[in-house]
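As a basis for the values below, the full set of heavy atoms in this structure was taken, side chains included, without hydrogen atoms, waters or symmetry mates.
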Amino acid sequence: MNPADLLAPGSVSEMLIVAMAVLSVLANAYLVYRVMLVRDPLAPRLKAIRARCDALRADLVAPRRRVRREKSIGMMRRVVDRLNLLRTREARKASDRLLQAGFRSPDAVTVYFFLKLALPFAFGGLALIALYLLQVVELAPMMRLLVCIGAVVAGAYGPELYLKNAIAKRKDRLRKGLPDALDLLVICAEAGQSLDAALARVAREIGQSFPDIGEELGLCSVELGLLPERRQALENLNRRTDLPGIKGVVNTLLQTEKYGTPLAQSLRVLSAEFRNERMMKAEEKAARLPATMTVPMIIFILPPLFVVLIGPAIVRVIDLLGRL
């Protein structure tokens, strides 16, 4: 076929070439438009922060009315309400402990009390079915009874142990992020920002590395702008965390609000103190490491070492004795 026929007017090849040229021109124009388009990189982030603040304000302002949830939560609520478990002193303590563990849902206390009530029966019933009906494991009658009692005890204390573990882990995360948050708070205070704006800015900046401390500071900044008394917002922060370091920060902020003492200087002293405390804990763990490694070394390192060093000699001695 003659190559000139491919480029003849009206041929398919000519139409393809024209279409590709048009597409390339459009693609280049779009790329030039994207390059020359000026975008604000902070706009999506500010929009997300405003949405988060609006959600927190709506949660704080909205009345605590009973709404219809899914059937499981409704059943739990009916059982707990019928037993009047939410009107006891233990309910207030459980609510504080759940806040310290990071559970902020209004139904968290209801679920907690229902689990403490239902899990002993559930675990005990499963143990009875497994040991007496299905006979999964052959045990003596006394051992079966002890296993059933142990299952009931595990169901009774399981939620408490889980909650205690969650509180300890969250406090450890808050303790690790507190010095960095105080450093940022000092910078914001020295820049002339108010306490509300400084807490909101620190919550935004530190939320990526330490989400727990960022969430608490962000919620505190929202409460400072909504609650009638600023002292109540700071005390709520103290109640939600129950951490000695945050208690010191709250006392410093209250003293600053009351007497007008310099905020930046007080926070700088607290930040240096917390950093020294964190360094001392790291040094304490490093000093404990040799004593901690002694037992694993004796169990896992010395026996293979003895086998490698003494094994060939023992084999030779056995061989010589066998020849004699």
Side-chain angles (χ1 to χ4, degrees), residues 46 48-65 91-106 108-109 167 170-171 173-208 210-271 273-274:
L46 292 175
I49 292 170
R50 293 193 193 98
R52 176 63 177 167
C53 292
D54 293 339
L56 290 173
R57 291 191 183 95
D59 183 59
L60 289 173
V61 174
R64 300 298 183 182
R65 294 178 298 179
R92 177 67 176 178
K93 296 180 181 178
S95 177
D96 293 341
R97 288 172 60 83
L98 288 169
L99 286 176
Q100 294 168 14
F103 300 105
R104 307 184 188 279
S105 174
V109 182
I167 291 173
R170 191 166 186 268
K171 284 185 177 181
R173 295 194 297 267
L174 290 172
R175 189 182 299 110
K176 289 180 179 179
L178 185 58
D180 296 335
L182 283 180
D183 288 341
L184 293 176
L185 196 59
V186 169
I187 295 173
C188 294
E190 290 179 345
Q193 292 185 349
S194 63
L195 181 59
D196 305 7
L199 289 176
R201 181 61 183 270
V202 172
R204 292 196 304 267
E205 296 297 333
I206 207 170
Q208 297 293 331
F210 299 101
D212 296 289
I213 191 70
E215 183 180 0
E216 291 295 340
L217 294 179
L219 185 57
C220 182
S221 66
V222 173
E223 288 183 343
L224 284 173
L226 293 177
L227 295 180
E229 295 183 3
R230 300 170 65 86
R231 182 184 184 89
Q232 184 179 356
L234 296 175
E235 290 178 351
N236 288 340
L237 174 63
N238 194 7
R239 183 169 64 90
R240 290 193 305 267
T241 56
D242 193 24
L243 197 66
I246 295 183
K247 285 182 181 179
V249 175
V250 169
N251 293 332
T252 302
L253 295 178
L254 290 175
Q255 183 180 2
T256 303
E257 291 282 339
K258 185 175 181 179
Y259 299 106
T261 55
L263 178 61
Q265 184 178 358
S266 303
L267 292 177
R268 187 183 296 108
V269 173
L270 283 175
S271 176
E273 181 180 352
F274 292 151

Colleague: What are the two closest heavy atoms between Phe274 and Pro179, and how far apart are they?
Modeller: CB-CG, 3.9 Å

Colleague: Not counting sequence neighbours, which residues clear side chain to side chain donor-acceptor pair (under 3.5 Å) with Arg230? List them please.
Modeller: Asp196, Glu257

Colleague: Calculate, to the nearest 0.5 Å, the distance between atoms CD1 and CG belonging to Ile167 and Leu98 respectively.
Modeller: 7.5 Å

Colleague: To the nearest 0.5 Å, tell me how far Phe210 CZ sits from Asp180 CG.
Modeller: 5.0 Å

Colleague: Start with the C-alpha distance between Asp242 and Lys247, add both sets of side-chain angles, then the distance that settles side chain to side chain contact (heavy atoms under 4.5 Å, CB included), and finish with yes or no.
Modeller: CA-CA 7 Å; Asp242 193 24; Lys247 285 182 181 179; 3.5 Å; yes

Colleague: Do Glu216 and Lys171 sit within salt-bridge range, that is, some charged N less than 4.0 Å from a carboxylate O?
Modeller: no

Colleague: Please report the interatomic distance CD1(Ile246) to SG(Cys220), rounded to the nearest 0.5 Å.
Modeller: 9.5 Å

Colleague: What do the steps show when you test Leu270 against Glu273 for side chain to side chain contact (heavy atoms under 4.5 Å, CB included), and what is the final call?
Modeller: CA-CA 5 Å; Leu270 283 175; Glu273 181 180 352; 4.1 Å; yes

Colleague: Looking only at non-hydrogen atoms, find the nearest pair between Leu184 and Glu205 and report the distance.
Modeller: CD1-CB, 4.2 Å

Colleague: Tell me, yes or no, whether the heavy-atom count around Arg92 atom CZ, taken from other residues, nucleotides or ligands under 6.0 Å, exceeds 12.
Modeller: no

Colleague: Please round to the nearest 0.5 Å and tell me the distance separating atom CD1 of Ile187 and atom CD of Gln193.
Modeller: 11.0 Å

Colleague: Please report the interatomic distance CG(Asn251) to CG(Leu234), rounded to the nearest 0.5 Å.
Modeller: 9.5 Å

Colleague: If only atom types and distance count, is the side chain of Arg231 paired as donor or acceptor with the main-chain N or O of Leu254 below 3.5 Å?
Modeller: no

Colleague: Is there a side-chain contact between Arg104 and Arg240 (heavy atoms, below 4.5 Å)?
Modeller: yes

Colleague: When you measure from the side chain of Ser95 to the backbone N and O of Ala91, does any donor-acceptor pair fall under 3.5 Å?
Modeller: no

Colleague: What pair of heavy atoms forms the shortest contact from Val202 to Cys188, and how long is it?
Modeller: CG2-SG, 4.1 Å

Colleague: Side chains of Arg239 and Asn236, heavy atoms from C-beta outward: is any pair under 4.5 Å?
Modeller: yes

Colleague: In this structure, are over 12 heavy atoms from other groups packed under 6.0 Å from Arg97 atom CZ?
Modeller: yes

Colleague: Rounded to the nearest 0.5 Å, how far does CG of Leu185 lie from OG1 of Thr252?
Modeller: 10.5 Å

Colleague: Mind listing the closest non-hydrogen atom pair of Ala203 and Gly214 along with its distance?
Modeller: CB-O, 3.2 Å

